[in-house]
Amino acid sequence: MKKNKNLKVAIVMGSQSDYKTMQLSGKILKKMGIKFEIKIISAHRTPKRMYDFAISAERNNIGAIIAGAGGSAHLPGMISALTPIPVLGVPIESKKLKGLDSLLSIAQMPKGIPVGTLAIGEDGAINAGLLAASIIANNNPAVKRKLNNWRLSQTKSIKKKPN
Ligand code: RP5
């Protein structure tokens, strides 16, 4: 298969209120030198925007989609239903149920339409950025190098003994 070094990542989220969490995925992608776009798309409030985004994602050179949503979090699953591009779901920590609602609605997909589900909240957003970088790294040696260096420096930063 021909390597495509120009694949981007799309970060989408259900609401402006998700941005505080989802910007952390963007910070990781920036560190990895990966181009990304970032959009508000709601499965419930803007279904046509969601449909148009998902069906055009492949021809827009998107190699991975990070989708954050909270509460009745249908965005990642619905996008995955519309495109074969890998979808990484970030359950936003909701006010009422602390993100358990988001987690279950993202994780419990029916067989046949997968969503890679991350942890609730900030950890999930950071790991979604790293996982998207791993996907992009398969076709991009420069990203692979950056990702390996990032992991190495994380390992080195862990002290052997507590203070
Ligand atoms: C979801 O509803 C969004 O992903 C957000 O996490 C949640 C609440 O949205 P707002 O009422 O804050 O816009 O669609």
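Note that ligands are numbered from 1 as they come in the structure, with each ligand's atoms numbered from 1 the same way.
A distance of 8.0 Å separates CD1 of Ile28 from CG of Leu24, quoted to the nearest 0.5 Å. How far CE of Met50 is from NE2 of His74: 11.0 Å, rounded to the nearest 0.5 Å.
A side chain to side chain contact (heavy atoms under 4.5 Å, CB included) with Asn148 is found for exactly one of Lys146, Lys144, Arg145, namely Lys144. Of the listed residues (Ile66, Asp18, Leu75), just one forms a side chain to side chain contact (heavy atoms under 4.5 Å, CB included) with Val12, and that residue is Leu75.
Interface atoms of ligand 1 facing Ser17, defined by a heavy-atom separation under 4.0 Å, are 9 (O), 10 (P), 12 (O). Remark: ligand 1 atoms within the under-4.0 Å shell around heavy atoms of Ala69 are 4 (O).
Between the Thr46 side chain and the Ser42 main chain, a donor and an acceptor come within less than 3.5 Å of each other.
Taking atom 10 (P) of ligand 1 as the reference point, the nearest protein heavy-atom neighbour is Ser15 OG, 3.5 Å. Protein heavy atom closest to atom 3 (C) of ligand 1, with residue, atom name and distance, is Asp18 OD2, 3.3 Å. In this structure, the protein non-hydrogen atom closest to atom 7 (C) of ligand 1 is Gly70 O, 3.9 Å.
If you look at Arg45 next to ligand 1, the close heavy atoms, those under 4.0 Å, all belong to the side chain.
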